[in-house]
Amino acid sequence: MIEKILINHKYNYQKCKTWTTDGFYRETKEMVEYRKEEGFSVVEMECASLVACAKFRNIVFGQLLFTADSLANIESHDTRNWGNNTFSLAMNLAMDAVTDVQ
């Protein structure tokens with residue numbers, strides 16, 4: 001449903017491989033490089049837990065990730081305003097996807 005909504009709104013998106021960590025202090029330069037070598041392009045802090053809960057409860061789950069900051073270039077960290085400019089957009093897309101599922 002998320003992909004359908006993004007296509008309907010004509011937004012570019014990228015399917016990617018993500019890893020989950022429980023603390024930003026574990027995002028060391030070495031770990032970021034290691035994960036990139038494994039093909040990961042995103043790190044986040046909640047997805048695995050939410051997937052596990054959804055599987056346990058036997059409910060449909062999808063997650064729309066958007067960038068709040070970027071570690072793509074560790075030497076030049078870009079906070080991107082912590083995503084403040086995209087919260088409303090992301091919420092509207094998520095609500096469209098949820099409404100479409102029902």
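All values derive from a computational prediction rather than experimental measurement.
At a threshold of 4.5 Å between side-chain heavy atoms, the hydrophobic network of Ile, Leu, Val, Met, Phe, Trp and Tyr places Val43 and Phe40 in one connected group. Hydrophobic clustering places Ile7 together with Ile5 (ILVMFWY residues linked when any side-chain heavy atoms are closer than 4.5 Å, directly or through intermediates). Cluster annotation: Ile2 and Tyr11 are assigned to the same hydrophobic cluster (Ile/Leu/Val/Met/Phe/Trp/Tyr, side-chain heavy-atom contacts under 4.5 Å, transitive).
Applying the side-chain contact (heavy atoms from CB on, under 4.5 Å) rule to Ser49 yields no partners; only residues at least two apart in sequence or on another chain are considered. Under the salt bridge (charged side-chain N to carboxylate O under 4.0 Å, His left out) criterion, Lys10 pairs with no residue at all, not counting sequence neighbours. Looking at residues two or more places apart in sequence or on another chain, you find no side chain to side chain donor-acceptor pair (under 3.5 Å) involving Glu37.
For Trp19 against Val32, the heavy-atom pair with the smallest separation is CH2-CA, 4.3 Å. Shortest non-hydrogen contact noted between Glu46 and Glu44 is N-OE1, 2.8 Å.
For the atom pair CE (Met45) and OG1 (Thr18), the distance works out to 12.0 Å, reported to the nearest 0.5 Å.
Taking 4.0 Å as the cut-off between side-chain N and carboxylate O, Lys15 and Glu3 count as a salt-bridged pair.
With no hydrogens or angles considered, no side-chain donor-acceptor pair links His9 and Asn92 at under 3.5 Å. Residues Tyr34 and Glu30 have side chains that never bring a donor and an acceptor to within less than 3.5 angstrom of each other.
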